Undergrad: 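One structure, as structure tokens, below. Some questions next.
Keep in mind it's a predicted model, so treat the numbers as computed, not measured.
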Amino acid sequence: MLLKELREQVAYYGRQMLQSGLTMNTGGNLSARDRESGLIAIKPSSRPYDLIRPEDVAVIDLEGHVVEGSCRPSSEWPMHTRIYRTFPRVCGFVHCHSIYATAAAAAGREIPLINHELSMYCSSPVRVAPFTVPGSEALGESAIAAFGPDNTVALLQNHGSVAMGATLWHAFDGVCAVEQAAHALYLCQGPFGPASLIPQEGREALRACDPLQRADTGGPVEITAV
């Protein structure tokens with residue numbers, strides 16, 4: 001089976017998304033790119049996460065052509081391929097519909113760096129991309145603009161959160177960090193009072209932990225189309 005390990009990862013982290021409350025039913029999508037071939041293992045369309053087997057995971061190329069798999073790829077494949085074409089070093093991408101991150105996105109509310117987990121994936125507050133029709137390549141362009149030059153996570157207005165990473169695990173961890181921060185921000189607007197931000201020195205040290213920022217993996221991720 002082509003890209004067996006990556007297809008297993010897509011199936012596994014899809015179940016983790018469901019069990020962690022990051023999505024419901026078939027919502028959201030995720031993918032992993034093989035660095036050598038450039039091929040992408042991506043969630044099958046309209047398939048419940050707890051029923052997805054590795055062989056159900058579609059394999060597509062960077063133009064969205066199906067290379068292997070009996071199921072149609074996620075309808076969001078244009079966003080995934082746009083991300084991978086723009087960021088050659090990114091090998092994992094996750095989009096989910098978690099409650100608090102989606103609420104922040106619907107409110108157009110940026111998420112400040114209030115916890116150390118989020119600070120690993122951001123140098124500035126998590127930005128909100130303007131609403132764009134799901135399933136379009138324009139959605140990928142909007143996400144790229146929201147990432148900017150310094151973040152690997154973003155919010156899609158009225159839609160949810162997205163994260164890219166050196167691996168699918170890192171991208172999954174990124175959306176977890178966004179949801180956790182969005183939930184904490186909500187609580188800090190109620191009984192717990194205003195949130196304090198991570199100090200600049202701490203943010204810089206935490207940001208350096210992201211594999212996409214380390215010198216041994218090629219340095220900071222840059223927006224360079226290929």
Side-chain angles (χ1 to χ4, degrees), residues 10 13-14 17-18 21-33 38-49 52 56-67 69 71-88 90-111 121-122 125-149 151-165 168 171-172 174-176 178-179 182 221 223-226:
V10 169
Y13 285 110
M17 283 174 59
L18 186 67
L22 295 174
T23 195
M24 291 184 287
N25 195 19
T26 64
N29 36 77
L30 68 166
S31 67
R33 183 177 69 89
L39 295 177
I40 300 161
I42 187 169
K43 173 193 176 286
S45 179
S46 302
R47 184 65 64 92
Y49 286 99
I52 295 174
D56 298 325
V57 175
V59 176
I60 62 174
D61 63 19
L62 285 170
E63 301 303 322
H65 302 121
V66 176
V67 177
C71 299
R72 290 182 297 111
S74 166
S75 61
E76 298 282 20
W77 69 259
M79 175 170 61
H80 289 248
T81 55
R82 187 70 185 90
I83 295 296
Y84 290 126
R85 292 199 304 271
T86 302
F87 302 101
V90 167
C91 287
F93 185 75
V94 176
H95 163 51
C96 66
H97 299 167
S98 56
I99 298 298
Y100 289 92
T102 300
R109 178 71 181 272
E110 293 187 343
I111 302 176
Y121 300 105
C122 297
V126 181
R127 290 178 282 267
V128 185
F131 180 79
T132 308
V133 176
S136 65
E137 187 165 319
L139 183 61
E141 297 286 355
S142 186
I144 289 167
F147 286 137
N151 294 349
T152 55
V153 295
L155 297 174
L156 306 178
Q157 189 166 9
N158 305 102
H159 197 162
S161 62
V162 288
M164 57 184 180
L168 183 52
F172 177 77
V175 292
C176 289
V178 171
E179 178 62 8
V221 63
I223 299 180
T224 305
V226 295

Undergrad: Do you know the tightest heavy-atom contact between Pro78 and Thr81?
TA: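 Minimum heavy-atom contact is O-OG1, 3.2 Å.
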Undergrad: How long is the span from the OH atom in Tyr13 to the CG atom in Leu168, to the nearest 0.5 Å?
TA: 6.5 Å
Undergrad: Taking the side chain from Thr152 and the backbone from Gly165, do they hold a donor-acceptor pair closer than 3.5 Å?
TA: no
Undergrad: Test side chain to side chain contact (heavy atoms under 4.5 Å, CB included) on Val90 and Tyr84; report intermediate values, then the result.
TA: CA-CA 6 Å; Val90 167; Tyr84 290 126; 3.9 Å; yes
Undergrad: Which heavy atom of Thr23 sits nearest to which heavy atom of Gly28, and what is that distance?
TA: OG1-N, 3.9 Å
Undergrad: Side chains of Ile40 and Leu62, heavy atoms from C-beta outward: is any pair under 4.5 Å?
TA: yes
Undergrad: Taking all heavy atoms of Glu76 and all of Gly135, pick out the closest pair and write down the distance.
TA: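 Heavy atoms of Glu76 and Gly135 come nearest at OE1-N, 2.8 Å.
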Undergrad: If every non-hydrogen atom of Pro73 is compared with every non-hydrogen atom of Val66, which pair is closest and at what distance?
TA: CD-CG2, 3.8 Å
Undergrad: Identify, with sequence neighbours excluded, every residue that meets ring-ring contact (aromatic ring centres under 6.0 Å, His included) alongside His80.
TA: Phe93
Undergrad: So, taking the atom named CZ in Arg33 and the one named CG in Asp61, what distance separates them when rounded to the nearest 0.5 Å?
TA: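 So the gap between those two atoms works out to 12.5 Å.
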Undergrad: For side chain to side chain contact (heavy atoms under 4.5 Å, CB included), just list the numbers for Phe147 and Val162, CA-CA rounded to whole Å, side-chain angles, deciding distance to a tenth of an Å, and then say yes or no.
TA: CA-CA 9 Å; Phe147 286 137; Val162 288; 3.9 Å; yes
Undergrad: Suppose we screen for side-chain contact (heavy atoms from CB on, under 4.5 Å). Which residues come up paired with Pro125, at least two apart in sequence or across chains?
TA: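 Pro125 satisfies side-chain contact (heavy atoms from CB on, under 4.5 Å) with Glu110 only.
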Undergrad: Should His95 and Leu156 count as side-chain neighbours, where that means a heavy-atom distance under 4.5 Å?
TA: yes
Undergrad: Val57 versus Ile52: any side-chain heavy-atom pair under 4.5 Å?
TA: yes
Undergrad: Show the nearest heavy-atom pair for residues Ala146 and Val128, with the distance to one decimal.
TA: CB-C, 4.4 Å
Undergrad: Can you check side chain to side chain contact (heavy atoms under 4.5 Å, CB included) on Asn29 and Met79, steps first, answer last?
TA: CA-CA 10 Å; Asn29 36 77; Met79 175 170 61; 4.2 Å; yes
Undergrad: Quick check for you: to the nearest 0.5 Å, what is the distance between Ser74 atom OG and Arg72 atom CZ?
TA: 9.5 Å
Undergrad: My understanding is that only residues two or more places apart in sequence, or in another chain, count here; which of them pass side-chain contact (heavy atoms from CB on, under 4.5 Å) with Ala171?
TA: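 Ala171 satisfies side-chain contact (heavy atoms from CB on, under 4.5 Å) with Val94 only.
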Undergrad: Please name all residues satisfying side-chain contact (heavy atoms from CB on, under 4.5 Å) with Ser98, sequence neighbours left out, ordered by chain then number.
TA: Leu22, Cys96, Ala101, Ser161, Glu179
Undergrad: So Val133 and Leu139, side chain to side chain contact (heavy atoms under 4.5 Å, CB included) or not? Walk me through it.
TA: CA-CA 7 Å; Val133 176; Leu139 183 61; over 6 Å; no
Undergrad: With sequence neighbours left out, write down each residue that passes salt bridge (charged side-chain N to carboxylate O under 4.0 Å, His left out) with Arg127, or none if nothing qualifies.
TA: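 Expected list: Asp150.
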Undergrad: Residues in salt bridge (charged side-chain N to carboxylate O under 4.0 Å, His left out) with Asp56, at least two apart?
TA: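 Asp56: salt bridge (charged side-chain N to carboxylate O under 4.0 Å, His left out) contacts with Arg47, Arg53.
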Undergrad: Going by the rule ring-ring contact (aromatic ring centres under 6.0 Å, His included), which residues pair with Tyr100 if we only count those two or more places apart in sequence or in a different chain?
TA: His183, Tyr186
Undergrad: The criterion is salt bridge (charged side-chain N to carboxylate O under 4.0 Å, His left out); which residues satisfy it with Glu137, sequence neighbours excluded?
TA: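 Here the qualifying residues are Arg82, Arg85.
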Undergrad: So, Thr102 side chain and Ile99 main chain: donor-acceptor pair closer than 3.5 Å or not?
TA: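 A pair under 3.5 Å: no.
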Undergrad: My understanding is that only residues two or more places apart in sequence, or in another chain, count here; which of them pass side-chain contact (heavy atoms from CB on, under 4.5 Å) with Ala105?
TA: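 In terms of side-chain contact (heavy atoms from CB on, under 4.5 Å), with neighbours along the sequence ignored, Ala105 is linked to Leu155.
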Undergrad: Within the distance-only criterion (no hydrogens, no angle test), does the side chain of Tyr49 pair as donor or acceptor with the backbone N or O of Gly27 below 3.5 angstrom?
TA: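 It does hold such a pair.
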Undergrad: Minimum heavy-atom separation for Ala143 and Ala129, please, with both atom names.
TA: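 That closest heavy-atom pairing would be N-CB, 4.4 Å.
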Undergrad: What distance do Ile60 atom CD1 and Ile42 atom CD1 have between them, rounded to the nearest 0.5 Å?
TA: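 Spacing of CD1 (Ile60) from CD1 (Ile42) equals 4.5 Å.
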Undergrad: Taking the side chain as every heavy atom from C-beta outward, state whether Ile83 and Ile144 have any atom pair closer than 4.5 Å.
TA: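 Yes, their side chains come closer than 4.5 Å.
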